[in-house]
Amino acid sequence: MRALPVWPLVAVCLSCASRSRLTAPEAPAPFDEARAVHVLQRLAYGPSASDLAAMKRLGVDGWVEAQLQPASGEAQPPGLSAKLQAFPTLGLSMAQLVEDYPRPPPEMPPEEKRERGPARVVFERSSARVLRAVESPRQLEEVLVDFWFNHFNVSEDKGVVKWLATSYERDAIRPHVLGTFRELLGATAHHPAMLFYLDNWRSTREGLSEEELRHPRRFRRQAAMMEDAEEEESKPKLGLNENYARELLELHTLGVDGGYTQDDVRAVARCFTGWSIRQPRKDPGFVFRKVAHDAESKVVLGQVIPAGGGEKDGERVLDLLAGHPATARHVARKLAQRFVADEPPPELVDRVAKVFLDTKGDLRAVYRALLQSPEFQSPKARAAKVKTPFEYVVSALRATNAQVEVTPRLLRHLALMGEPLYRAPAPTGFPEVAEPWVNSGALVARLNFGLDLVGGRLPGARVSLDALAPKRAPTAVEWVDGLGQALLGAKPSEETRATILAALAEKREAASAVDEAPPVDVPLIAGLLLGSPEFQKQ
């Protein structure tokens with residue numbers, strides 16, 4: 001087992017942000033590289049040579065505005081487009097995926113299963129997420145896709161979601177991250193991945209009997225809803241299901257302290273009865289089943305939903321929730337937590353929530369209010385958050401200018417660090433705050449990833465350290481400082497420098513006992529820099 005250094009800076013600073021401004025000064029000023037690095041740490045997956053060059057050309061504010069207003073129909077770089085085109089499952093409909101990539105038979109050898117059926121769908125979806133995050137020039141869009149997928153989480157570990165999650169990200173999340181919250185909320189509410197994941201597709205009005213369900217005419221389509229369910233769900237479970245209603249209120253909109261009651265949860269669930277899926281394993285499209293809907297009147301948050309509204313009952317609930325002050329505050333706090341600090345200042349949350357309400361959930365306006373805030377730009381906000389495993393892996397690939405062809409082994413590193421893509425185990429998604437990610441096992445996994453990456457031991461990612469070398473680096477100290485500037489955006493701290501130099505000295509001493517003194521171990525320096533406390537922060 002590889003001997004690993006013990007970092008003296010494992011405890012990561014989580015200081016909250018204070019004041020400074022993102023808006024451009026009135027007079028031209030020298031390029032502020034520290035500010036640029038901070039913006040790239042939060043609005044992108046860390047600095048890359050190409051994004052720093054774009055910032056120097058456009059200015060920091062110009063780069064941010066270009067990210068908020070990407071050119072319509074702007075093409076991806078040819079290299080990225082070619083890689084994505086090699087994944088045929090990305091463009092297929094849900095019906096095509098369940099038909100063309102069925103579950104392999106039990107007797108098939110494991111190595112063949114990995115290349116067939118849903119395993120291929122899962123691999124191509126995760127590979128595309130990594131490649132876009134590493135190479136796409138629309139970095140803010142990729143960060144927002146990750147944020148909103150997490151906010152409206154579904155897990156591919158639940159049955160047919162394996163085949164539905166590709167469309168969920170492509171059709172429900174990605175097109176709306178720069179639109180309005182109501183559009184995004186509605187797209188997720190209608191999507192079969194969400195309806196299946198939170199069981200709403202099986203939710204029916206109370207009193208619907210199995211005899212009615214089996215009626216040869218009126219209830220024939222309702223029966224089709226149940227006919228091809230998972231084996232463990234093969235017996236129809238009629239009745240009201242509150243799972244989606246509860247998470248809609250608690251996670252997607254109002255928040256746990258949003259002022260709703262259990263009666264509201266039940267009323268919302270009644271409003272969404274009949275929002276279903278045609279046939280999950282054959283034709284997984286949205287369908288409203290009138291026969292399953294509770295047509296009586298309901299009261300949600302004190303608002304009467306009149307009887308006889310049918311599918312519009314759910315739409316009225318979404319309208320009500322999308323414009324509610326508690327939703328504005330909940331969304332504002334989650335965004336501030338993602339972009340500013342794990343414990344964002346309440347006054348910042350209040351200001352962003354006001355913009356949310358004033359603009360009827362215009363997400364671009366909400367993002368601008370957050371990014372132009374003094375709290376976001378404050379020096380206290382810099383390096384105040386810890387990267388999630390996905391952010392860490394992608395930022396390492398970007399910082400080293402790695403040539404990436406995603407492999408299963410690369411994706412396994414994410415799972416070892418605790419963030420297997422599309423497999424968050426609960427509706428809450430993966431944590432955005434530091435505590436769950438800062439533990440000895442996770443930090444060792446990150447360090448091993450960095451060492452494997454720059455040491456040429458990670459299939460699918462090639463790194464040329466010569467391109468990162470300082471112009472003149474005859475000594476170990478100059479290598480440490482030069483690579484530190486390239487990978488961290490600044491020279492490493494004294495403690496990190498001392499730790500790396502000690503590791504180099506130990507290796508040199510061991511080698512010189514049997515041979516002449518070896519040259520400076522550049523991959524070891526780079527790997528330890530990627531595992532350093534500084535690189536864990538953003």
Side-chain angles (χ1 to χ4, degrees), residues 94-95 152 154 158-161 164 167-168 171-172 182 185-230 233-249 252-253 262-301 303-322 427:
M94 293 178 288
F152 294 106
V154 300
K158 184 167 181 175
V160 76
V161 176
L164 307 183
S167 168
Y168 183 66
D171 304 323
R182 176 61 178 87
L185 181 65
T188 62
H190 282 88
H191 200 278
M194 180 63 74
L195 293 168
F196 189 93
Y197 178 62
L198 291 178
D199 304 309
N200 202 83
W201 75 287
R202 302 181 66 86
S203 185
T204 66
R205 61 179 172 83
E206 294 184 314
L208 180 66
S209 69
E210 291 189 26
E211 181 179 359
E212 290 175 310
L213 187 67
R214 290 194 297 266
H215 193 284
R217 293 183 181 176
R218 185 179 177 192
F219 301 103
R220 183 181 300 150
R221 294 181 66 198
Q222 178 73 13
M225 175 181 77
M226 306 295 186
E227 72 179 19
D228 65 341
E230 294 282 301
E233 299 172 338
S234 58
K235 185 177 180 180
K237 301 174 183 178
L238 304 182
L240 195 65
N241 190 298
E242 298 178 1
N243 288 356
Y244 176 67
R246 189 176 307 280
E247 306 305 354
L248 175 66
L249 296 174
H252 302 169
T253 58
Q262 173 56 29
D263 288 341
D264 291 316
V265 173
R266 187 171 183 80
V268 169
R270 291 173 58 208
C271 288
F272 282 97
T273 50
W275 284 47
S276 190
I277 307 171
R278 280 190 292 268
Q279 291 177 286
R281 289 201 174 278
K282 295 180 182 178
D283 186 16
F286 173 83
V287 65
F288 176 70
R289 300 190 183 280
K290 184 177 180 180
V291 68
H293 183 64
D294 184 334
E296 301 300 317
S297 65
K298 303 96 176 168
V299 178
V300 176
L301 301 174
Q303 299 292 313
V304 175
I305 308 294
E311 183 180 349
K312 291 183 179 178
D313 287 358
E315 299 289 358
R316 289 190 178 101
V317 170
L318 296 179
D319 289 341
L320 174 62
L321 295 176

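Both backbone and side-chain heavy atoms feed into the values below; hydrogens, waters and symmetry mates do not. Small disclaimer: the values here were computed from a predicted structure and weren't measured.
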For this session: Start with the C-alpha gap between Leu195 and Asn200, add the side-chain angles, then the distance that decides, and say whether side chain to side chain contact (heavy atoms under 4.5 Å, CB included) holds.
Result: CA-CA 5 Å; Leu195 293 168; Asn200 202 83; 3.9 Å; yes
For this session: Classify the angle between the aromatic ring planes of His190 and Trp275 as parallel (below 30°), tilted (30 to 60°) or perpendicular (above 60°).
Result: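 Rings of His190 and Trp275: tilted, 30 to 60°.
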Problem set entry | CA sep, side-chain torsions, deciding dist, call: Leu318, Thr253, side chain to side chain contact (heavy atoms under 4.5 Å, CB included) | CA-CA 9 Å; Leu318 296 179; Thr253 58; over 6 Å; no
Show the nearest heavy-atom pair for residues [X] and [Y], with the distance to one decimal.
| X | Y | answer |
| --- | --- | --- |
| Lys298 | His293 | NZ-NE2, 3.6 Å |
| Ala245 | Ala269 | CB-N, 3.5 Å |
| Trp201 | Pro280 | CZ3-CG, 3.5 Å |
| Val304 | Val299 | CG2-CG2, 4.3 Å |
| Pro427 | Leu198 | CG-CD2, 4.1 Å |

Just how far is it from atom [atom1] of [X] to atom [atom2] of [Y], taken to the nearest 0.5 Å?
| X | Y | atom1 | atom2 | result |
| --- | --- | --- | --- | --- |
| Phe272 | Asn243 | CZ | CG | 14.0 Å |
| Glu242 | Leu248 | CD | CG | 13.0 Å |
| Arg266 | Leu240 | CZ | CG | 5.5 Å |

For this session: Take Asn241 and Arg202 through the test side chain to side chain contact (heavy atoms under 4.5 Å, CB included) and record every step on the way to the result.
Result: CA-CA 7 Å; Asn241 190 298; Arg202 302 181 66 86; 5.8 Å; no
For this session: Using modelled atom types only, decide if a donor and an acceptor are shared between the side chain of Arg246 and the backbone of Gln262 within a distance under 3.5 Å.
Result: no
Exercise. Can any side-chain N or O of Thr204 pair as donor or acceptor with the backbone N or O of Ala292 at less than 3.5 Å?
Worked result: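 Checking the backbone N and O of Ala292 against the side chain of Thr204, no donor-acceptor pair under 3.5 Å is found.
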With sequence neighbours excluded, tell me which residues meet side-chain contact (heavy atoms from CB on, under 4.5 Å) with [X].
| X | result |
| --- | --- |
| Pro192 | Met94, Leu164, Ile277 |
| Leu320 | Val300, Leu301, Gln303 |
| Arg316 | Ile305, Lys312, Asp313 |
| Glu296 | Arg270, Asp294 |

For this session: Take Glu311 and Phe286 through the side chain to side chain contact (heavy atoms under 4.5 Å, CB included) test and state the conclusion after the steps.
Result: CA-CA 12 Å; Glu311 183 180 349; Phe286 173 83; 3.5 Å; yes
Seminar exercise, completed: Sequence neighbours excluded, the answer for ring pair (Phe, Tyr, Trp, His ring centres under 6.0 Å) partners of Tyr168 is Phe149, His191
Seminar exercise, completed: For Asp263, the side chain to side chain donor-acceptor pair (under 3.5 Å) test, sequence neighbours excluded, returns none
